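Report on the structure given below.
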Amino acid sequence: MPEAAPRTTEHGDGITAIDTDLLRPIFDASHLVVENGAAALVDCGANSSTPLILATLEQKGIDRASVEYLFLTHVHLDHAGGAGLLMQSLPNAKAVLHPRGAPHMIDPSKLIKGAMAVYGEESYFEQYGNIEPIPGERVVVADDGQAFSLAGRELRPIYTEGHARHHYCLADSFSSSVFTGDSFGLSYRELDTDNGEFIYPTTTPVHFDPPKAHEAIDMVMALEPRQLFLTHYSKVTSLTRLAGDMHQRLDDFVTIARNHQYDDKRTAAMHESMYDYLIGEIRDHGFTGTDDEIREVVSKDIVLNSMGLEFWLDHQ
Ligand SMILES: [Zn+2]
């Protein structure tokens, strides 16, 4: 195992963000919640993230046997790709999943096929390697709103469709937080300015559903959280403004998709419009770096978002 040096951020209330180091630094987070010696993880990156998560536990003096839950907001591989491998090192952990997601962690064959279709075979293997299944007896199917006790601290999965039909957000009333997976968009710390955090939706294939994506934002806000923890990337706090921006940008992405629906070179045209749109919005937000710096941060999302929007256009 290579020498692992995890990049972590302490957020108080026993919450730590662990950079899974997937694709680039501060892109993809796993969150650790510790209460009275008991631990839970929310999302876990890919196989290559496992040593970083285990090293964080060791640094913090948390016994691997004290990890009781691995909450997987959904089974997209940047959130759950490393779950099977990680579970092999967490002897007492149960993986908690939405009923539609659970079967795909027990038998990941469909998940692998789907991911290869999205990423291409070569970069799929490069990023995700061999996906290990989770034994069925270690998977817990969560009801909507079911309370899981972490040393008395209540953690509740809340079903939120829109990004994926098998997605949940995890509510933590103790810290007044919600771990939102991909239901409340992407907010990269590189794009923070004096105006605060910048946010935009993720519309990846194959379940993107605009009305349900709007509904998910309202469901998160209805919990009246003080802060959210996004997988991409970690804590955001200007929630009223960010919810408004999410609603607006969801509509704008859908408009861009519709504008290009019948174009000859639809994919390329959508990429260009999404770059123009996001660069404009990020500039309005007060970002002073170069266009190339913006492109570097948003390029992967633009490809995946276009793919999801095109799939949605073709299957309405
Ligand atoms: Zn994601």
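We count ligands from 1, going down the list as the structure has it; atoms in each ligand are counted the same way. Since the model is a prediction, treat every value here as computed from it, not as a measurement.
Ring orientation note: the planes of F27 and H232 are tilted relative to one another, at an angle of 30° to 60°.
Contact detail for D13 and R153: the closest heavy-atom pair is O-NH1, 2.8 Å.
Aromatic rings from H163 and H76 are positioned such that their centres are separated by under 6.0 Å.
When the N, O or S atoms of D78 are ranked by distance to the Zn ion (ligand 1), OD2 comes first. Of all N/O/S atoms in H79, NE2 sits nearest the Zn ion (ligand 1). Checked against the Zn ion (ligand 1), the N, O or S atom of D182 at the shortest distance is OD2. Nearest N, O or S atom of H232 to the Zn ion (ligand 1): atom NE2.
A donor-acceptor pair under 3.5 Å is absent between the side-chain atoms of R64 and the main chain of L54, judged by distance alone.
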